[in-house]
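The structure displayed is predicted, hence computed values, not measured ones. In what follows, chains are A, B, ... by sequence order, proteins preceding strands, each numbered from 1.
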Number of protein chains: 2
Amino acid sequence: MNKQRVTVPSEVDPADWQRYENPPLQLHPLLSAALDLFVRLGYHGTSVRAIAAEAGMTVPGLYYNFANKQDILTELLTLSNQELTRRSHAALAAAGRNPRARFAALIRCMVLHLTHMQKFAHLVREIDSLDDTHRPKHVELRDRFQRLVLTEVIAAQTLGEFGSGDPHETTRAVLSLCNGVADWFRIEGAATPEQIADRYVDFALRLVLDRESVSDRT
Amino acid sequence: MNKQRVTVPSEVDPADWQRYENPPLQLHPLLSAALDLFVRLGYHGTSVRAIAAEAGMTVPGLYYNFANKQDILTELLTLSNQELTRRSHAALAAAGRNPRARFAALIRCMVLHLTHMQKFAHLVREIDSLDDTHRPKHVELRDRFQRLVLTEVIAAQTLGEFGSGDPHETTRAVLSLCNGVADWFRIEGAATPEQIADRYVDFALRLVLDRESVSDRT
DNA sequence: CCTACCGATCGGTAGG
DNA sequence: CCTACCGATCGGTAGG
């Protein structure tokens with residue numbers, strides 16, 4: 001029953017959930033070309049001919065590797081979500097039981113993902129471009145990560161660590177705040193992904209923690 | 001009978017910057033159809049034939065009213081930005097000189113716009129779909145509102161009302177937080193735009209106000 | 001001649 | 001993997 005293969009590339013040291021290679025993932029030339037073009041021109045704005053040309057292939061060559069255009073997008077979305085999910089669970093495991101540490105680990109995970117894998121993050125918006133047979137799966141994958149954050153917010157609230165606002169509402173606010181990073185982040189900018197992650201853990205905690213009502217202090 | 005109403009469509013009472021009609025704007029049937037389709041299918045996913053059909057017109061009829069497909073999108077983007085800009089200036093004028101009141105008025109303006117004119121808010125993402133001759137103008141219009149918020153954050157900081165973090169960074173965070181509302185808001189939901197605006201003014205103030213560092217309170 | 005369109009079709013491109 | 005194509009549809013325009 002035991003597998004003889006010890007070094008499988010998909011098995012990464014759980015402690016490495018914060019470390020990203022450059023590029024973050026090894027992609028088929030067609031996937032790499034499609035990722036660039038989808039982000040720049042959108043899914044519907046990108047032709048299969050452009051993808052094939054960018055990858056130095058012909059259109060039939062593209063269809064030899066992928067069943068259709070939708071499958072190229074779903075493959076990229078799946079890879080991105082698998083990577084975020086794997087790292088998130090490693091981060092939670094490393095964070096232990098402290099609710100605030102667990103929440104901070106998830107936010108850190110999310111922001112590192114959004115910066116190091118920025119193009120994949122932009123791709124999430126194209127989920128709406130999928131047809132009815134592919135969309136539900138990837139909506140579910142996206143929601144699954146959001147529920148991971150929601151679960152930690154509720155757990156921290158239950159232990160009296162966070163404020164008492166609607167956990168769904170605060171979780172939505174935290175996720176919007178962080179997702180925005182993908183819109184302005186530039187890898188060549190002054191701030192490193194790690195510095196931005198630290199800053200956004202602080203921002204996120206401001207949203208979830210209890211405190212004196214700001215409105216009263218006018 | 002207690003007050004005489006002067007109903008000029010273009011001139012709105014500056015005090016009415018918080019009140020939205022339903023629908024919020026009178027649109028040409030073609031613009032209304034295009035707005036629905038662009039939001040649902042994206043700019044490149046929508047054909048001029050679909051727009052014309054949705055408006056009960058023919059394609060040449062569409063081209064009689066608009067030079068091309070890009071002009072339809074730019075017209076919608078312009079209308080949305082004009083509306084937000086007009087209300088923002090009215091809101092700032094009504095807020096007076098108090099820095100926190102001015103900031104809160106802008107956030108309130110923004111969230112009311114994102115909820116009452118949600119479809120227009122989604123359209124902003126399609127700016128990237130414009131060609132090189134149309135895109136710069138609408139990137140500039142979007143940036144102009146963001147600079148309006150930035151200016152108020154800096155002013156409040158200068159007066160010692162807000163925390164001392166990088167104002168560009170906190171402004172980006174505030175804008176991301178609020179823009180996220182357009183992603184999940186449902187007009188048929190329990191919370192009204194006004195209640196959500198109140199909540200997000202509080203959220204936004206948490207991001208900009210000074211306070212004891214959260215990280216220390218572990 | 002104008003306007004507000006129409007039926008039909010233009011040159012190219014979509015996914016396959 | 002290429003060359004050679006398809007049914008249909010793309011954004012946009014012809015004459016009447």
Side-chain angles (χ1 to χ4, degrees), chain A residues 26-79 123 125-138, chain B residues 26-79 119 122-123 125-138:
Chain A
Q26 296 288 351
L27 293 180
H28 188 287
L30 281 168
L31 290 179
S32 182
L35 177 58
D36 282 346
L37 291 167
F38 286 162
V39 168
R40 215 160 68 230
L41 310 169
Y43 178 78
H44 287 302
T46 302
S47 68
V48 290
R49 278 161 179 75
I51 299 171
E54 180 86 5
M57 283 182 162
T58 61
V59 173
L62 181 151
Y63 282 100
Y64 176 81
N65 290 282
F66 295 92
N68 48 51
K69 194 183 170 188
Q70 298 246 344
D71 275 13
I72 298 178
L73 176 54
T74 58
E75 178 66 18
L76 287 168
L77 288 170
T78 301
L79 285 172
L123 222 59
R125 295 173 193 159
E126 297 292 347
I127 288 181
D128 293 334
S129 300
L130 292 171
D131 63 32
D132 294 339
T133 66
H134 295 84
R135 199 185 312 104
K137 178 194 169 188
H138 294 277
Chain B
Q26 295 289 351
L27 292 180
H28 188 287
L30 281 168
L31 290 179
S32 182
L35 178 58
D36 281 347
L37 291 167
F38 286 162
V39 168
R40 215 160 69 229
L41 309 170
Y43 177 77
H44 287 301
T46 303
S47 68
V48 290
R49 277 160 182 76
I51 297 170
E54 180 86 4
M57 282 183 163
T58 61
V59 173
L62 180 150
Y63 282 100
Y64 176 81
N65 290 282
F66 295 92
N68 48 49
K69 193 182 169 189
Q70 298 248 344
D71 276 13
I72 298 178
L73 177 53
T74 57
E75 178 65 19
L76 287 168
L77 287 170
T78 301
L79 285 172
K119 284 188 279 192
H122 280 294
L123 222 59
R125 293 172 195 160
E126 297 291 347
I127 288 181
D128 292 336
S129 300
L130 293 171
D131 63 31
D132 294 338
T133 66
H134 296 83
R135 199 184 313 104
K137 178 194 167 186
H138 295 277

**Asked** Counting side-chain heavy atoms from C-beta on, which of D:dT13, C:dG16, D:dA4 comes nearest to A:V59?
**Response**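 Ranking D:dT13, C:dG16, D:dA4 by closest atom to the A:V59 side chain puts C:dG16 first.
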**Request:** Report the nucleotide, chosen from D:dT13, C:dG15, D:dG11, that has the shortest atom-to-atom distance to any side-chain atom of A:R49.
**Result:**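 Closest nucleotide to the A:R49 side chain: C:dG15.
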**Closest heavy-atom pair and its distance - A:V59, A:R49** =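 Closest approach of A:V59 to A:R49, heavy atoms only: CG2-CG, 3.2 Å.
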**Message:** Testing the basics here: between A:A52 and A:L30, what is the closest heavy-atom pair and its distance to 0.1 Å?
**Reply:**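 Looking at all heavy atoms of both residues, the shortest contact is CA-CD2, 4.2 Å.
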**Prompt:** Does anything in residues 65-73 of chain A reach DNA chain C, meaning a heavy atom under 4.0 Å, and if so which residues?
**Reply:**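 Contacting residues: A:N68, A:K69.
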Protein-nucleotide distance ([X], atom [atom1]; [N], atom [atom2]), rounded to Å:
{"X": "B:H134", "N": "D:dG11", "atom1": "NE2", "atom2": "P", "result": "15 Å"}
{"X": "B:L37", "N": "D:dG11", "atom1": "CG", "atom2": "P", "result": "11 Å"}
{"X": "B:L62", "N": "D:dC10", "atom1": "CG", "atom2": "C1'", "result": "14 Å"}
{"X": "B:L30", "N": "D:dG11", "atom1": "CG", "atom2": "P", "result": "14 Å"}

Under 4.5 Å between any side-chain heavy atoms of [X] and [Y], yes or no?
{"X": "B:S129", "Y": "B:H44", "value": "yes"}
{"X": "A:L79", "Y": "A:L27", "value": "yes"}
{"X": "B:I72", "Y": "B:F38", "value": "yes"}
{"X": "A:K69", "Y": "A:Y43", "value": "yes"}
{"X": "B:L77", "Y": "B:L130", "value": "yes"}
{"X": "B:T78", "Y": "B:K137", "value": "yes"}
{"X": "B:D71", "Y": "B:H134", "value": "yes"}

**Sidechain N-carboxylate O distance under 4.0 Å for B:D128, B:R135** =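 Between B:R135 and B:D128 there is no salt bridge, as every charged N stays at least 4.0 Å from the carboxylate O atoms.
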**Asked** Which class fits the ring pair A:H28 and A:F66: parallel under 30°, tilted 30 to 60°, perpendicular over 60°?
**Response**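 Geometry flag for A:F66 against A:H28: perpendicular rings.
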Considering only nitrogen or oxygen atoms on both sides, find all protein atoms under 3.5 Å from nucleotides 1-3 of chain C and state each distance.
| from | atom 1 | to | atom 2 | distance (Å) |
| --- | --- | --- | --- | --- |
| C:dT3 | O3' | B:Y64 | OH | 2.5 |

Considering only the [atom1] atoms, how many Å lie between [N] and [M], rounded to the nearest integer?
{"N": "C:dG16", "M": "D:dA4", "atom1": "P", "answer": "22 Å"}
{"N": "D:dC10", "M": "C:dC10", "atom1": "C1'", "answer": "12 Å"}
{"N": "D:dG12", "M": "C:dA8", "atom1": "P", "answer": "23 Å"}

**Request:** Report yes if at least one side-chain N or O of B:S47 is closer than 4.0 Å to OP1 or OP2 of D:dC10; otherwise report no.
**Result:**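 For D:dC10, OP1 or OP2 has a side-chain N or O of B:S47 closer than 4.0 Å.
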**Prompt:** Using Watson-Crick pairs (N1 to N3, plus N6-O4 or O6-N4) and G-U wobble pairs, both distances under 3.5 Å, which stems of at least 3 pairs involve DNA chain D?
**Reply:**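 Runs of three or more consecutive pairs: none qualify.
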